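A short worksheet on the structure shown next.
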Amino acid sequence: MTASTETFQPYPAAEPNPDFPRIEEEVQRIWKENAVFQKSVDFRPLEKDGKHNEFVFYDGPPFANGLPHYGHLVTGFVKDLVPRYQTMKGRKVERRFGWDCHGLPAELQSEKELGVSGRHDILKYGIDKFNAHCQVSVLRFTQEWEYYVTRQGRWVDFQNDYKTMDISFMESVMWAFKQLWDKGLVYEGYRVVPYSWAVESPLSNFETRLDNSYRERQDPALTVRFRLDPRDGDAGALDILAWTTTPWTLPSNLALAVGPEIDYAVMRKGDDRLILATSAIGKYAKELEGYEQESTLSAEDLRGRTYEPIFPYFKGLEKAHQILVADFVTTGDGVGIVHMAPGFGEDDLAVCKAHGLPVKVPVDVAGNFTAEVSDYVGLNVIEANKPIIQDLKARGVVLRHETYLHNYPHCWRTDQPLIYKAVNSWYVEVSKFKDRMVELNQQQINWIPGHVKDGSFGNWLANARDWNISRNRFWGSPIPVWRSDDPRYPRIDVYGSIEELERDFGVKVTDLHRPAIDHLVRPNPDDPTGQSMMRRVEDVLDCWFESGSMPFAQQHYPFENKERFEAAFPADFIVEYVAQTRGWFYTLMVLSTALFDCAPFRNVICHGVVLDEDKQKLSKRLRNYPDPVEVLNNQGADALRWYLVSSPLMVGGDLAMPKDARGIAQALRQGVLPLWNAYSFFTLYANIDQVKGQIRADQKGLLDRYILAKTRELVEGIEGRMDAYDLPGAYAIITGYYDALNNWFIRRSRSRFWREAGEGDGQDKRDAYDTLYTCLVTATKALAPLLPHVTERIYTALTGEASVHLADWPDVSYLPSDHDLTSQIDLVREICASAMSLREAKKLRIRLPLRTLTIVHPDADRLKGQFDTVLGALVADEVNVKQVVVSSDISLVGTRQLAVNAAVVGPKVGPKMKEVMAASKQGKWSDKGDGTVELAGVVLEAGDFDIRIQAKEGTHAARFAGGKGVVVLDVTVDAELEAEGWARDFVRAVQSTRKDSGFQVTDRITITAQVPDNIAGALTTHAETIKRETLALSLTVNPAALPDGAVSVDLSGTSVSLVLTKA
RNA sequence: GGGCGCGUAGCUCAGGGGUUAGAGCACUCGCCUGAUAAGCGAGAGGUCGGUGGUUCGAUUCCACCCGCGCCCA
């Protein structure tokens, strides 16, 4: 390299072996130093052409009490990708980060850290101190979160983050509750709910369903006898059977239920008589051995009969211990008779209430029996199963004791089995407006994948149940309801703002958390005695209520940002994993429908779950996944983004990720490296030639126009897919472009870049540079959202601009849109591939030139001009033949074959199709000479058929373009061709040795070679070519003595010796 | 038991009423190269889960069955 080229380099040198993770870190450092993210948001106007110009994205708040995992990374990539794209399209996309702070996870973490356990302990410890601890503890991992999010290349505003425990957020939540109250959509109810005795609180119906809280559990199943009170007409003492998997509910038994359509049998053995469903007799064959069926009974025969309670605790209770008839009773499991404990079963409660039975709940908040059940008082109900079974067995009332394996819901935080228990709770009356939710979902939401809309989400909405939003806990938004403590003077006040609280209680309110909020007490205005007080109901809100409030609460709506929120609601886009159809997607939908009568988002991607290669859940304990930090540091964030976002995850499927991260390495190889290689090629030669590329598209050369048109197709292809939220589709078309760019355009154009300055007029070289430059700059823009780091490095290096992410989405209208052109070159590429396969078959290496390639194609006459000028030379060079002959005369190479276009002809001819296809296969068709053909009595017109070529036997021919064309290769090799082949082998050996010796591509050399005689002649004949190709000043063949430093190289099977020196 | 999704090459997955069903990886063989061996190409590999039905024609649509996953009872 000369001194002048070292002083001026238009571009920074591209590392030939780039360390992408290190490049990413540099890029991220520059982003931070120059506040590029902030700029990318700020410079997009809030209004454009009189319209609100925001693309609204909601970031679902994560719970920061743990480290991010692959699930968060996947979501994070999409949460970054779509906003980057929309930003380039000109939209303003704010990305506020949010933290989910309240709720059970935070409380349980604090319990662990403080060494307190349960409500009782917390009350003793002090709610104030406990909540103060939660407030700190809950943000423990925010630093780590910020590291992960930043390192994965995700642009997020951490400065203006929102926290669900902020007083502004909480006030908006209060407002929402009051709105629902005013609309009559909130009520307090006494209901049987899934209840976690471990956290001493009921859970909402979807809390039990999020993730897999159901797991297999072996429970006892008991078939027990109840003695019916005698009645006239009874043949003797009658025992009725009942089946239960919760023996601990038997002390609370208040009734039995039979099904209206079920037939019951009386089975007798001696004086022992048992009643069970006729259809269940077979299941109890063993226990019923020796019994005979005495009679049958209907549900009506049993209705209203009373029985002796199995436990004495509620004996004599009014209306209790009778047989009821209920629709829900089936004979699937058990005996067709259901034991009813209205305090512990949803159906039980409904049926018993309808019959005027009382409800008894002798179990306390922690799941232990109360004094009402004197024999088991203080015992946890699950643990009480055992002694209860023992006692019943001892009394001889157990007909069968078995174990029963079933899926049973567990508490998602403590992993303890839930129980069902009647408690007082506050509900959102979702059932009242679920039809509207179904409608809004239908009309307003675009789901990816589409089946979720009417599938899991649509069905879930259609069957929505009222939402239990109260939690009998401490760390959460308070339920803003105050109630009179004297039922004689009832009054309920619901508050929707701090201002209202301050007005009524006359104090400044600075904290809405417990216990501060609980201290707000005032006399009941409706009580003339002045004795009763208004006190807040104890409960706090389910933290899912807050997640659903996020769109307005993060803006402190309606207290602030009223216009801003209203202009920016609903969101254009959200993304989370698919289980959020029961979680965040749902709570957003509920609150948005109730408050605004509107769907909360327009487009939603719900992605699948990352699993290990055996499709098992990722587990910290098992380490069955590659460490995300190592992946980011070894393969990089772009490769990981490519890998995850182009995976089946994005169409709702699961991803089985191998532990060795090989898929990510592959993504790097296929997705990132080729782009870098093209860029590296460009800068290498541009720096040597001191050329700066220019954006232009007026090049005349076919190859140039081809790749420019391909670039346009790439940009339009990505744009179309991104607009449809088809993210994997956008990635999928990139590799084809890389192939056209690297393995066709650059490879075919290589010599144009190293041509000496004096050769030709220089315009061709200029065109080559500008073409590649234009493609690279345009393509990196289109790829920027998909590969944000590597495109940033390349784009800034090429253009000197600050960031590709501040650029507009490329306008490609100036690039050629020439389908004829791209399809012509694609045809040439096919021709070359077919010709290569012929060489392959005959084991004729490409360096060995051959005489003639004949191309036969029906459209050859139309293409002949093109072939004679450029395409023919292209093919000749690529395939290494002296001559390319183009012809449309099929008879030269074979015969014509008719290929019926069945998709077109089938509908036209119908049943005759069979004959048509048969005739076509047998070649029984005739050319009518006017562009139509006839077979089996049917005339086919243009478009109905194609003509394909069947090559003659014995020729070296291969078909291309789906059989429409044929190439024939002349495979005779004469001495002249042989010699040229040796020369090319020699050139290649020299080049390879140059590279191994560490010479620069511009270094001049001398060559000395020791070769066999037959090759020596070839080298002498082609000496000038060899020297020119290898930048050699001299070529000495077979000298008397070979200088030092000879290396042995292989020339297509012949070993020769070479000495290269720098001239 | 019900709902949703899925079953296509050794693996991971596209596709889609039409003659010869594709991609990537892995495998075998080969090849280009004055950017890239983390490159390019070729080959082999499929009864498109099964059985019926609709149709001139089904891997594709329908029904049933089998298997897997998720959700629910």
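Throughout, protein chains are lettered first and strands after them, A, B, ... in sequence-line order, and every chain is numbered starting at 1. What you see is a predicted model; the values in this text were computed from it and never measured. Basis for what follows: all heavy atoms, side chains included, without hydrogens, waters or symmetry-related copies.
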* Asked: So, is A:Asn743 close to the B:C40 phosphate, meaning a side-chain N or O under 4.0 Å from OP1 or OP2?
  -> yes
Atom-to-atom span, [atom1] of [X] to [atom2] of [N] - whole angstrom:
X	N	atom1	atom2	answer
A:Leu727	B:C13	CG	P	18 Å
A:Tyr738	B:U36	OH	C1'	14 Å
A:Met650	B:G5	CE	P	20 Å
A:Glu878	B:G41	CD	P	11 Å
A:Arg748	B:U33	CZ	C1'	12 Å
A:Leu644	B:U12	CG	P	17 Å
A:Ile664	B:A38	CD1	P	19 Å
A:Leu935	B:C56	CG	C1'	14 Å

* Asked: Based on Watson-Crick and G-U pairs with both distances under 3.5 Å, what dot-bracket line describes RNA chain B 5' to 3', crossing pairs as [ ] and inter-strand pairs as |?
  -> (((((((..((((....[...)))).(((((.......))))).....(((((..]....)))))))))))).
Between [N] and [M], how far apart are the two [atom1] atoms, rounded to whole Å?
N	M	atom1	value
B:G24	B:G45	C1'	15 Å
B:A38	B:A14	C1'	25 Å
B:C61	B:G18	P	11 Å
B:U55	B:G69	P	38 Å
B:C66	B:G10	C1'	23 Å
B:A42	B:C32	C1'	14 Å
B:C27	B:C68	C1'	28 Å
B:U54	B:C71	C1'	33 Å

* Asked: Taking only residues two or more places apart in sequence, or in another chain, which ones meet A:Arg988 in a salt bridge (Lys or Arg N to Asp or Glu O under 4.0 Å)?
  -> none
* Listed by chain and number, what are the salt bridge (Lys or Arg N to Asp or Glu O under 4.0 Å) partners of A:Arg1028, not counting sequence neighbours? ->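 Counting only residues at least two positions away or on another chain, A:Arg1028 forms no salt bridge (Lys or Arg N to Asp or Glu O under 4.0 Å).
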* Asked: Aromatic rings A:Phe457 and A:Trp447: how do their planes relate, parallel, tilted or perpendicular, breaks at 30° and 60°?
  -> tilted
By nearest atom, which of the nucleotides [options] is closest to the [X] side chain?
X	options	result
A:Asn459	B:A35, B:A38, B:C4	B:C4
A:Lys914	B:G18, B:G57, B:A38	B:G57
A:Asn677	B:G24, B:G18, B:A35	B:A35
A:Phe681	B:G3, B:C25, B:A35	B:A35
A:Gln666	B:A38, B:U36, B:G24	B:G24
A:Asp739	B:G18, B:A35, B:G41	B:G41
A:Arg582	B:C71, B:C25, B:A35	B:C71

Heteroatom pairs (N/O) under 3.5 angstrom, protein to nucleotides 29-32 of chain B:
| unit_1 | atom_1 | unit_2 | atom_2 | d |
| --- | --- | --- | --- | --- |
| B:C32 | OP1 | A:Arg847 | NE | 3.4 |
| B:C32 | OP1 | A:Arg847 | NH1 | 2.2 |
| B:C32 | OP1 | A:Arg847 | NH2 | 3.4 |
| B:C32 | OP2 | A:Arg847 | NH1 | 2.4 |
| B:C32 | O5' | A:Arg847 | NH1 | 3.2 |

Can you sort out the partners of [X] under side chain to side chain contact (heavy atoms under 4.5 Å, CB included), two or more places apart, ordered by chain and number?
X	answer
A:Ala835	A:Leu853, A:Val879
A:Val351	A:Leu324, A:Ala326, A:Phe328, A:Met340, A:His355
A:Ser992	A:Asp996
A:Leu838	A:Ala958, A:Val967, A:Leu969

* Ion pair A:Arg793/A:Asp638, N-O distance below 4.0 Å ->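 Salt bridge: no.
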For [X], which residues count as a ring-ring contact (aromatic ring centres under 6.0 Å, His included) partner, sequence neighbours excluded?
X	result
A:Trp925	none
A:Tyr643	none
A:Phe344	A:Trp248

* Toward the 5' end of RNA chain B, which comes first, A:Leu668 or A:Val905, by nearest nucleotide? ->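 Closer to the 5' end of RNA chain B: A:Val905.
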* Structure fact -> The residue, A:Glu1029 or A:Leu673, whose nearest nucleotide of RNA chain B is more 5′ is A:Glu1029
Scan [X] against the nucleic acid and name what it touches under 4.0 Å (heavy atoms): base, sugar-phosphate only, or nothing.
X	value
A:Asn463	nothing
A:Met836	nothing
A:Gln670	sugar-phosphate

* Interface with RNA chain B, restricted to residues 449-458 of chain A and to heavy atoms under 4.0 Å -> A:His451
* Asked: Only one of A:Phe745, A:Trp676, A:Tyr773 clears ring pair (Phe, Tyr, Trp, His ring centres under 6.0 Å) with A:Phe682; which?
  ->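 By the ring pair (Phe, Tyr, Trp, His ring centres under 6.0 Å) criterion, A:Phe682 pairs with just one of A:Phe745, A:Trp676, A:Tyr773: A:Tyr773.
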* Check step by step if salt bridge (charged side-chain N to carboxylate O under 4.0 Å, His left out) holds for A:Arg747 and A:Glu878. => CA-CA 10 Å; A:Arg747 193 167 56 78; A:Glu878 179 75 7; 2.8 Å; yes
* Identify the two heavy atoms, one from A:Arg22 and one from A:Glu15, that lie closest to each other, and give their separation to 0.1 Å. =>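 Result for this residue pair: NH2-OE2, 3.7 Å.
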